[in-house]
Colleague: 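Below is one structure. I have some questions about it.
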Amino acid sequence: MLRVRFAPSPTGYLHIGSARTYIFNWFYARRHGGTVILRIDDTDLERNTPESLDSIFDGLRWLDLAWDELHRQSERLPLYRQMAEALLAKGAAYRDFTPAYDGAKERPYGDSAWLFDPMMRALPREESARRAAAGEPFVIRFRVPRDARESVQFRDAVFGESSKATADIEDFALLRSNGMPTYHLASCADDIDLRATHVIRGQDHLTNTFKHVLLFEAAGVPAPQFAHLPLLVAPDGAKLSKRRHGPVVSVTTYRDGGFLPHAFVNFLCLLGWSPKDDRERMSREELTEAFSFEGINRSNAVVNFTEQDPFDPKAVWLNAEHIRALPVEELAARLEPYLAAAGYGVERARLLAVTPLIRERIQTLRDAASAADFFFREELAPYDSAELVPQKGDAKLATAVLERALSLLARTDFNRQALEDALRAEAAAMGVKTGQMFQPIRVAVCGRKAAPPLFETLEVLGRETCLKRIGQAIRRLRS
RNA sequence: GGCGCUAUCGUCUAACGGUUAGGACGGAGCCCUCUCAAGGCUCAAAUACGGGUUCGAUUCCCGUUAGCGCUACCA
């Protein structure tokens, strides 16, 4: 039974790189009928926050790719201690009594040397046990077997064979002096205990994998299969980070920006992975069927956002593609919350009539509010009366056109075909171009020049509203 | 600094050693057209650099450069 795991740490919102890792895990598992494990890596007491955990769940739920199992490392602490003790007993690990320091800032043992005191590795067992018993704080470190073997190697499903000299692997910490496990220990202990068969994660863990391979070996279990994903990077090439790039890298930004969850998933899939044919818009089923490690690239992918626009143009395009492909009923249902958020109370019948008219004119669900406002508000948003005047025409012409339209629309059937026939005939009778006829009407009823096709719009708006707005426009032109 | 990984249009990518280096987004233009879109067509745009191997390198090898990652009692 194939089992994959996704292991976010609740130290910020879910960012799109993490989301992509989850997505790749999900598709790989579904492709092979496996299980998706969500594991919360919350062993860093200092940095975990409940808000962050909420936002991670929010983000993952929005993706609509369900996990099968949920575990929290903070609830599994005995497991890690047990493994650390076992390694200690075996001699595969040792106690380090060096006082704590911030390794990110200090390099107490020199620039090219290890960040640990080599003398501690050689501490006699009895002395180690005695000092521990005396209550002296210590960290448990893994004893990298530099004498027993030259190098560690493993095969990565994406990057291929990798090898690293044991001489270049430091004695990493397993258990902190406060009794909490480090990432390396907790991750491996869980991968063993939860029987993970595949570890699919970001390439930032590629070099950590040598340590993990060593840990699996010391524990006497076969290592899972590894697949490291190229990173998502910012336009400046740096790894996406919450700190440097802010909310533009948060999954919730896409949700609030009006992305369809699946369009977002589709976009992320195409970053660093390719189906090898020319498909871009793909359904969940197609992605599941097509996903494989062979299609994964080895170089980082840039998410093309800017400070002004947080969304990659390709993501926006793909979202528009998915919007256009959606059945009207479903799109209408997706649109509703965004219209409501913009303050429009929407009636279902009206929304179903409007949706096809704006479907090809919006790129995000959020765009609907501005693209269709005149369908939902009683009073038009303020507009410049000069807009009513058509190209190569004057206010007099506009007024004349609107007056003719007013009387015509009062007696024409309000269906698109009848409206089109009547208005075209009227334009011909008046000797004006269709554009000169239609544009003033469009602006009068929509309050702007760019809008859905006129006759459908009139039909959906209804006679009463149209006559009222045209009347208002005529008064504006006269004043 | 040490170690590891990577390198095709601006961006995402395709190309069992032999292609006019393909597609997509974005950009420019044209067509369609009641506006805006959508759609169709066209154009500009790339193999980082230097050495090998080979009849032939985007592709294989080495080096250089650049970028990224790891190098924490973060994950």
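In the text below, chain A, chain B and the rest are named by the order of the sequence lines, each starting its count at 1.
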Colleague: Suppose we define a pair by two distances each less than 3.5 Å, Watson-Crick or G-U wobble; what does C60(B) pair with here?
Modeller: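 G52(B) is the nucleotide pairing with C60(B).
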
Colleague: Taking pairing as Watson-Crick or G-U wobble with both contacts under 3.5 Å, can you name the mate of C25(B), or confirm there isn't one?
Modeller: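 Looking at the geometry, C25(B) pairs with G10(B).
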
Colleague: What's R448(A) touching, base or sugar-phosphate or nothing? Going by heavy atoms closer than 4.0 Å.
Modeller: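 Counting heavy atoms under 4.0 Å across all strands, no contact is made by R448(A).
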
Colleague: Strictly below 4.0 Å: does K433(A) bring a side-chain N or O up to OP1 or OP2 of C34(B)?
Modeller: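 Indeed not, no polar side-chain atom of K433(A) lies that close.
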
Colleague: Looking only at side-chain atoms of N208(A), point me to the closest of U11(B), A75(B), U35(B).
Modeller: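 Between U11(B), A75(B), U35(B), the one nearest the side chain of N208(A) would be A75(B).
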
Colleague: Is it the case that the side chains of Q153(A) and S151(A) hold a donor-acceptor pair, with the cut-off being a distance below 3.5 Å and no angle test?
Modeller: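 Q153(A) and S151(A) do have a side-chain donor-acceptor pair below 3.5 Å.
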
Colleague: Indicate yes or no: does K239(A) engage D204(A) in a salt bridge with an N to O separation below 4.0 Å.
Modeller: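 D204(A) and K239(A): salt-bridged.
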
Colleague: Separation of R5(A) atom CZ from A75(B) atom C1', in whole Å?
Modeller: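 So the CZ-C1' distance, R5(A) to A75(B), works out to 11 Å.
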
Colleague: So, does R298(A) get its side chain near the phosphate of U6(B), meaning an N or O under 4.0 Å from OP1 or OP2?
Modeller: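 Result: yes.
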
Colleague: Using a 4.0 Å heavy-atom cut-off, does K239(A) contact any base of the nucleic acid, only the sugar-phosphate backbone, or nothing at all?
Modeller: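 If one applies the 4.0 Å heavy-atom cut-off, K239(A) turns out to touch the sugar-phosphate alone, with no base involved.
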
Colleague: Could you tell me whether Q439(A) contacts a base, only the sugar-phosphate backbone, or nothing, with contacts defined as non-hydrogen atoms closer than 4.0 Å?
Modeller: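 Contact class for Q439(A): sugar-phosphate only.
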
Colleague: Side chain of S299(A) only, heavy atoms from C-beta on: which candidate in C34(B), U8(B), A75(B) is closest?
Modeller: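 Closest nucleotide among those given: U8(B).
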
Colleague: Atom CG of D191(A) and atom C1' of A75(B): how far apart are they, to the nearest Å?
Modeller: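 The distance from CG of D191(A) to C1' of A75(B) comes to 13 Å, rounded to the nearest Å.
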
Colleague: Which part of the nucleic acid, if any, lies within reach of P453(A) when heavy atoms closer than 4.0 Å are counted: base, sugar-phosphate only, or nothing?
Modeller: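 P453(A): base contact, heavy atoms under 4.0 Å.
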
Colleague: D278(A) CG to A15(B) P: how many Å, rounded?
Modeller: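 The answer, rounded to whole Å, is 10 Å.
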
Colleague: Side chain of F159(A) only, please: which of G39(B), U6(B), G23(B) is the nearest?
Modeller: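 For F159(A), the side-chain atoms sit closest to U6(B).
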
Colleague: For the side chain of E360(A), counting heavy atoms from C-beta on, which of C34(B), A38(B), C12(B) is nearest?
Modeller: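 Minimum distance to the E360(A) side chain belongs to A38(B).
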
Colleague: Quick one: do R281(A) and E286(A) make a salt bridge, cutoff under 4.0 Å?
Modeller: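 No, R281(A) and E286(A) are not salt-bridged.
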
Colleague: Can you tell me which nucleotide in C25(B), C68(B), C34(B) comes closest to the side chain of L231(A)?
Modeller: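 So the side chain of L231(A) is nearest to C68(B).
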
Colleague: Could you check whether G272(A) gets within reach of a base, just the sugar-phosphate, or nothing at all, counting any heavy atom under 4.0 Å?
Modeller: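 Here G272(A) touches the backbone only, sparing every base.
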
Colleague: Check D41(A), D193(A), D191(A), D190(A) against R5(A) for a salt bridge (charged side-chain N to carboxylate O under 4.0 Å, His left out) and give me the one that passes.
Modeller: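 In the set D41(A), D193(A), D191(A), D190(A), the residue that makes a salt bridge (charged side-chain N to carboxylate O under 4.0 Å, His left out) with R5(A) is D191(A).
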
Colleague: Using a cut-off of 4.0 Å on non-hydrogen atoms, how would the nucleic acid contact of H205(A) be classed: base, sugar-phosphate, or nothing?
Modeller: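 The answer is base, as H205(A) lies within the cut-off (heavy atoms under 4.0 Å) of a base atom.
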
Colleague: Once you apply the 3.5 Å cut-off to both distances, tell me the Watson-Crick or G-U wobble partner of C70(B), or none.
Modeller: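 Pairing partner, where one exists within any strand: G2(B).
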
Colleague: Looking at G39(B), which nucleotide sits across from it as a Watson-Crick or G-U wobble partner, both distances under 3.5 angstrom, or is there none?
Modeller: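 In the structure as shown, G39(B) has C31(B) as its Watson-Crick or wobble partner.
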
Colleague: Measuring from atom CD of E75(A) to atom CG of L70(A), what distance do you get when rounded to the nearest 0.5 angstrom?
Modeller: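 If I round to the nearest 0.5 Å, the distance is 8.0 Å.
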
Colleague: The side chain of K449(A) is closest to which nucleotide in this list: G26(B), U35(B), G23(B)?
Modeller: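 The listed nucleotide nearest to K449(A)'s side chain is U35(B).
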
Colleague: If you only use heavy atoms from C-beta on, which nucleotide in C5(B), C73(B), C12(B) is closest to the side chain of S177(A)?
Modeller: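 That would be C73(B).
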
Colleague: Taking only the side-chain heavy atoms of D41(A) (C-beta and beyond), determine which of U35(B), C12(B), A75(B) contains the nearest atom.
Modeller: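 Per side-chain heavy atoms of D41(A), the pick is A75(B).
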
Colleague: Give E321(A) one of three labels, base, sugar-phosphate or nothing, depending on what nucleic acid heavy atoms sit under 4.0 Å from its own.
Modeller: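 Sugar-phosphate contact only.
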
Colleague: When you measure from the side-chain N and O atoms of K276(A) to the phosphate of A14(B), is any distance below 4.0 Å, counting only OP1 and OP2?
Modeller: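 The answer is yes; a side-chain N or O of K276(A) sits under 4.0 Å from OP1 or OP2.
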
Colleague: Consider the side chain of E170(A), meaning its heavy atoms from C-beta on, and name the nucleotide among U6(B), U71(B), G23(B) that approaches it most closely.
Modeller: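 Closest nucleotide to the E170(A) side chain: U71(B).
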
Colleague: Nearest-Å distance, CG (N297(A)) to P (C12(B))?
Modeller: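 Going from N297(A) (CG) to C12(B) (P), I get 9 Å.
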
Colleague: Across the strands shown, which category fits P452(A) at heavy-atom distances under 4.0 angstrom: base, sugar-phosphate, nothing?
Modeller: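 Touches a base.
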
Colleague: Looking at side-chain heavy atoms only, is the closest gap between S162(A) and R155(A) below 4.5 Å?
Modeller: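 No. Closest side-chain heavy atoms not under 4.5 Å.
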
Colleague: Output the single nucleotide from G23(B), A14(B), G26(B) whose closest atom is nearest the side chain of P313(A).
Modeller: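 Among the listed nucleotides, the one closest to the side chain of P313(A) is G26(B).
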
Colleague: Only one of Y183(A), F159(A), F226(A) passes ring pair (Phe, Tyr, Trp, His ring centres under 6.0 Å) with H205(A); say which it is.
Modeller: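 Running ring pair (Phe, Tyr, Trp, His ring centres under 6.0 Å) over Y183(A), F159(A), F226(A) with H205(A) returns exactly one hit, Y183(A).
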
